[in-house]
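Note that ligands are numbered from 1 as they come in the structure, with each ligand's atoms numbered from 1 the same way.
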Amino acid sequence: MTRPTPSMRRAMAEAEVGDDVIFGDPTTQRLEAMIAERLGKETAAFMPSGTMTNQIALRLHCQPGDEFLCEAGCHILNMEQGAFASLSGLVGRPLQGEFGILRQDHFKDQIHADNDHLTRTRLVCIENTHNRGAGTVQPFEEVEAICEWAHDHGLITHLDGARLFNASVATGRSVEELSREFDTVSVCFSKGLGAPIGSALAGPKEAIQRAKRHRKAFGGGMRQSGIIAAAAIHALDHHIERLAIDHEHARQLGQGIQALDPLELVPDRIDTNIVIFRVDPALGTAADLTRELKARHVYVHAIAPQLVRAVTHLDVNDAQIAHTVAMLHEAVSELTGLHAA
Ligand SMILES: Cc1ncc(COP(=O)(O)O)c(C=O)c1O
């Protein structure tokens, strides 16, 4: 939803570029080095989207007929068109977490025995923060325990860190610390960081070299990609610390929601910049509420018949949060009045 800021647009306009498919693009290479260093990995590959970085990670780590373990509501399993199956011949096995949070004991006895009837368990995927869990942050010690368990059992680990910088700002832990135990890590520049396009996959040199080959086959080889890489560099330089503002805005919005009886936060806390709440069916549906809010210039998303998702970001300011809370009150009154009539 974010638009590039004027200074981000200037950085894009002035970017030094080359052909990244043939000779390499200097700005893209600078971004790749920068993100690898921040995540504490050997190297990284810039890609057009988070879906591509995740799907290429799966392709890297698994063979057709393999399975990966992941949380039941995660993006890879639910929101990427089942590309792990159609593009790579894989099976995803969901483990039910709590608002997206997995603990090490969820994995107990989940590795398939070596048996010709069964898919081969190969990979663990963790999402931090968890989108459908409402931006929840994975508990650090549990993530460490899951990765240690996975590696001890010969499994590979991939972190879908589309919003890893949010997790870092919320916990005060560096993205390097949050990535340390993972073999590969995917991050997005186009979400809270506010760049128009782009993600990166980081990991060992050998794996990322193969990832670049897959990237070409998946249609992700980009020519003068420095123009968009410059936006990502600008975001890394200027838009990380400010994520704390988005988190504070989400908390204010959460408080506004908690003050309204027909609305219920799920979960009952705000970790980062995503707010999900349930609409009491007695008031109406999520679609009814989003329609009322849209009429008042507040844009939120109905993600299930009774669930609404709202995201705070760098284009949302203090006054707009106050407006949103006021409009929620108005919309709830309007819908309550409709039922009373
Ligand atoms: C956790 C997570 N991973 C991956 C993606 C995919 O990113 P993209 O939309 O860039 O393909 C998203 C998108 O919302 C996401 O929330």
Going by an N to O cut-off under 4.0 Å, is there a salt bridge joining [X] and [Y]?
{"X": "Asp246", "Y": "Arg163", "answer": "no"}
{"X": "Glu181", "Y": "Lys41", "answer": "no"}
{"X": "Asp280", "Y": "Arg278", "answer": "no"}

Quick one: does [X]'s side chain have a donor or acceptor within less than 3.5 Å of a partner on [Y]'s backbone?
{"X": "His106", "Y": "Arg103", "result": "yes"}
{"X": "Glu127", "Y": "His75", "result": "yes"}
{"X": "Asn273", "Y": "His313", "result": "no"}

Atoms of ligand 1 under 4.0 Å from any heavy atom of Glu127, numbered from 1 in the order shown, are 1 (C)

What is the nearest protein non-hydrogen atom to [atom], stated with its residue, atom name and distance?
{"atom": "atom 7 (O) of ligand 1", "answer": "Lys191 NZ, 2.9 Å"}
{"atom": "atom 8 (P) of ligand 1", "answer": "Gly50 N, 3.5 Å"}
{"atom": "atom 3 (N) of ligand 1", "answer": "Asp160 OD2, 2.7 Å"}

Would you mind telling me if ligand 1 is within reach of the side chain of [X], the backbone, both or neither, using heavy atoms under 4.0 Å?
{"X": "Arg163", "result": "side chain"}
{"X": "Ile76", "result": "neither"}
{"X": "Ser49", "result": "both"}

Is there a polar contact, in the sense of an N or O pair closer than 3.5 Å, between [X] and ligand 1?
{"X": "Thr129", "answer": "no"}
{"X": "Thr51", "answer": "yes"}
{"X": "Glu80", "answer": "no"}

Salt bridge (charged side-chain N to carboxylate O under 4.0 Å, His left out) with Glu67: of Arg93, Arg120, Arg122, only one passes, and it is Arg93

> For atom 4 (C) of ligand 1, which of Met52, His75, Met47 has the closest heavy atom?
Replying inline: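 Among Met52, His75, Met47, the closest heavy atom to atom 4 (C) of ligand 1 comes from His75.
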
- Query: What is the ring orientation for Trp149 with Phe107, classed by angle as parallel under 30°, tilted 30 to 60°, or perpendicular over 60°?
  - Reply: tilted

